[in-house]
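Report on one structure; see the data block that follows.
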Amino acid sequence: MAEVHGACDKRFDAVRVALAESLDDADVGASAAVFVDGEPVADLWGGYKDAKKTEPWEQDTITNVWSTTKTMVALSALILADRGDLDLDAPVARYWPEFAVAGKEQVLVRHLLSHTAGLPEFDPPVAVADLYDWRGATTRLARQATRWEPGTLAGYHSVTQGFLVGEVVRRITGQSLATFFAEHIAKPLGADFHLTMPAGAGLDERFAPVLAPPEAPDGDLVAAPPGDQGAATGGTAIRVSDGNSVAWRRAEILSGSGYGNARSVAAVQSVLACGGEARGIRLLSPEGCERARAEQYRGVDQILGRSVRYGLGYGIFDPACGWGGWGGSMVMVDLDARMAVAYVMNQMLPSDYRGLGIVLAAYDALG
């Protein structure tokens with residue numbers, strides 16, 4: 001069985017076994033973490049940072065978690081709402097006046113968080129390089145018309161959500177969402193999670209590049225809806241190699257440019273699991289936490305083509321809420337069990353259940 005490093009309460013040894021089995025199978029490097037009552041009961045890692053398996057995955061290794069990042073964006077918005085700085089039922093244009101064109105006057109903040117705003121993709125599509133220009137990307141979205149009446153349908157805002165929510169946060173706080181997150185969430189919680197990787201911050205040295213699936217042509221892969229390994233239609237053609245580039249790491253593409261490991265993902269989301277307070281740090285009220293799983297939409301997602309339940313920034317998967325990233329990363333937050341479970345890896349696979357296996361192992365430990 002593959003060697004797994006870290007600490008794990010005996011009760012949660014099934015999580016260690018699940019990670020070891022995954023490393024023995026398709027994983028290259030990976031980490032798994034479980035926090036209960038705000039404290040780590042499993043903090044594990046193993047494998048390698050590179051495809052040739054020459055550089056060990058270390059305790060402080062970080063990688064791109066893709067759309068698992070959306071839970072960090074959502075938590076930032078929920079904290080501002082809990083403080084009274086952000087009204088989730090207000091029109092987006094209250095904070096972003098230029099947004100009130102092309103029929104978007106009725107788009108509410110909660111529509112941005114629940115993928116029901118009708119702006120699932122840039123129209124017309126943009127190049128990846130255009131995503132590195134925050135002002136340019138948000139200006140495009142402000143001018144764009146919605147695809148449906150806001151709030152009536154959902155369509156996964158794969159790339160656009162981070163720009164939309166991030167610009168609202170910027171208008172309210174005067175800070176980029178990445179800066180707000182770093183100062184008001186990651187730093188107080190002592191969590192090694194980052195929404196951008198600035199030069200000279202010492203993060204590049206710890207970064208493990210994401211690895212395309214072994215069967216991917218030319219060692220690269222274009223993002224597509226789950227189950228569809230063809231090129232994405234109607235959206236920006238983002239490749240694995242883009243996510244590994246220096247330009248991507250320096251930018252703020254908040255729907256998919258978060259960097260961390262399972263420990264840091266679970267450490268942040270444990271504050272939601274524990275009613276807003278973890279390890280002596282209170283960031284929001286219990287009522288503010290409940291908003292995450294307040295159902296906003298139930299039905300077929302117009303982009304993903306499958307049934308979904310969306311809360312405010314989180315998918316609802318009773319008894320938990322959470323979300324996952326392209327290729328396999330995942331976080332699940334159970335407010336009733338006061339548990340956060342995370343899985344982060346570098347080896348992407350087109351369709352797998354590695355993260356779910358970690359989550360189920362944690363629930364087995366709870367009994």
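Both backbone and side-chain heavy atoms feed into the values below; hydrogens, waters and symmetry mates do not.
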Using a 4.5 Å cut-off on heavy atoms from C-beta on, say whether the side chain of [Y] contacts that of [X].
X: Phe207; Y: Lys49; result: no
X: Pro120; Y: Tyr156; result: no
X: Val34; Y: Val36; result: yes
X: Trp45; Y: Asn261; result: no
X: Pro213; Y: Leu221; result: yes
X: Cys321; Y: Arg309; result: no
X: Trp323; Y: Ser67; result: yes
X: Phe193; Y: Val65; result: yes

Just checking [X]: does its [atom1] atom have more than 12 heavy atoms from other residues, nucleotides or ligands closer to it than 6.0 angstrom?
X: Glu149; atom1: CD; answer: no
X: Glu277; atom1: CD; answer: yes
X: Arg250; atom1: CZ; answer: yes

Does Thr69 form a side chain to side chain contact (heavy atoms under 4.5 Å, CB included) with Gln161? I'd like the steps, not just the answer.
CA-CA 11 Å; Thr69 309; Gln161 189 190 58; over 6 Å; no

Which atom names give the shortest non-hydrogen contact between [X] and [Y], and what distance separates them?
X: Ala320; Y: Tyr363; result: CB-OH, 3.7 Å
X: His111; Y: Pro150; result: ND1-CB, 3.6 Å
X: Leu349; Y: Ala26; result: CD1-CB, 3.6 Å
X: Asp352; Y: Gly328; result: OD1-CA, 4.3 Å
X: Asp220; Y: Ser241; result: OD2-OG, 2.6 Å

Would Asp13 and Arg16 count as a salt bridge (Lys or Arg N to Asp or Glu O under 4.0 Å) here? Give the steps.
CA-CA 5 Å; Asp13 196 56; Arg16 181 191 294 274; 3.5 Å; yes

In Å, rounded to the nearest 0.5 Å, how long is the span from [atom1] of [X] to [atom2] of [Y]?
X: Leu44; Y: Ile358; atom1: CG; atom2: CD1; result: 8.0 Å
X: Leu203; Y: Met197; atom1: CG; atom2: CE; result: 5.0 Å
X: Arg206; Y: Thr61; atom1: CZ; atom2: OG1; result: 8.0 Å
X: Leu164; Y: Leu113; atom1: CG; atom2: CG; result: 10.0 Å
X: His157; Y: Thr116; atom1: NE2; atom2: OG1; result: 7.0 Å
X: Gln296; Y: His115; atom1: CD; atom2: NE2; result: 11.5 Å

Hey, what's the ring geometry for [X] with [Y], parallel, tilted or perpendicular (30° and 60° as the breaks)?
X: Phe163; Y: Phe122; value: perpendicular
X: Trp248; Y: Tyr132; value: perpendicular
X: Trp326; Y: Trp66; value: perpendicular

Might you work through the side chain to side chain contact (heavy atoms under 4.5 Å, CB included) test for Lys104 and Thr146, ending with a clear yes or no?
CA-CA 7 Å; Lys104 298 199 300 302; Thr146 62; 3.8 Å; yes

Is there a donor-acceptor pair under 3.5 Å between the side chain of [X] and the backbone N or O of [Y]?
X: Asp130; Y: Ala127; result: yes
X: Asp37; Y: Glu39; result: no
X: Ser264; Y: Gly260; result: no
X: Asn346; Y: Gly29; result: yes
X: Asp334; Y: Arg338; result: no
X: Glu55; Y: Lys53; result: no
X: Ser31; Y: Ala262; result: yes

For residues 77-100, which side-chain N or O atoms pair as donor and acceptor with protein atoms under 3.5 Å away, sequence neighbours left out?
unit_1	atom_1	unit_2	atom_2	d
Asp82	OD1	Ser285	OG	2.7
Asp82	OD2	Ser285	N	2.6
Asp82	OD2	Ser285	OG	3.3
Asp87	OD1	Asp89	N	2.9
Asp89	OD1	Arg110	NE	3.0
Tyr95	OH	Asp87	N	2.8
Glu98	OE1	Arg171	NH1	3.0
Glu98	OE1	Arg171	NH2	3.4
Glu98	OE2	Arg171	NH2	3.3

Asp9: partners by side-chain hydrogen bond (donor to acceptor under 3.5 Å, both in side chains), with sequence neighbours left out
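Testing Asp9 for side-chain hydrogen bond (donor to acceptor under 3.5 Å, both in side chains), a comparison that skips the adjacent residues, returns none.
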
Mind checking side-chain hydrogen bond (donor to acceptor under 3.5 Å, both in side chains) for Tyr259 and listing every partner two or more places apart, or none if nothing turns up?
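In terms of side-chain hydrogen bond (donor to acceptor under 3.5 Å, both in side chains), with neighbours along the sequence ignored, Tyr259 is linked to no residue.
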
Could you pull out all donor-acceptor pairs under 3.5 Å where a side-chain atom in residues 180-189 meets a protein atom, sequence neighbours excluded?
unit_1	atom_1	unit_2	atom_2	d
Glu183	OE1	Gln175	NE2	2.8

Test side chain to side chain contact (heavy atoms under 4.5 Å, CB included) on Glu121 and Thr236; report intermediate values, then the result.
CA-CA 8 Å; Glu121 294 163 340; Thr236 303; over 6 Å; no

Side-chain heavy atoms nearer than 4.5 Å, only ILVMFWY residues, links allowed to pass through others: does that put [X] and [Y] together?
X: Leu356; Y: Leu304; result: no
X: Val126; Y: Leu119; result: yes
X: Leu360; Y: Ile316; result: no
X: Val128; Y: Val159; result: yes
X: Phe35; Y: Phe12; result: no

Verify salt bridge (Lys or Arg N to Asp or Glu O under 4.0 Å) between Asp133 and Arg140, making sure each step is shown before the conclusion.
CA-CA 11 Å; Asp133 177 4; Arg140 284 185 174 93; 5.6 Å; no

Give the intermediate values and the outcome of side chain to side chain contact (heavy atoms under 4.5 Å, CB included) for residues Leu366 and Met339.
CA-CA 10 Å; Leu366 286 182; Met339 179 173 74; 3.5 Å; yes

Side-chain donor-acceptor pairs under 3.5 Å in residues 266-275, sequence neighbours left out?
unit_1	atom_1	unit_2	atom_2	d
Gln269	OE1	Tyr314	OH	2.8
Gln269	NE2	Thr71	O	3.3
Gln269	NE2	Thr71	OG1	3.2
Ser270	OG	Ala267	O	2.7
Ser270	OG	Arg279	NH1	3.0

Does Val73 have any side chain to side chain contact (heavy atoms under 4.5 Å, CB included) partners at least two apart in sequence or in another chain, and if so, which?
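Only Val165, Leu177, Leu254 meet the side chain to side chain contact (heavy atoms under 4.5 Å, CB included) criterion with Val73.
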
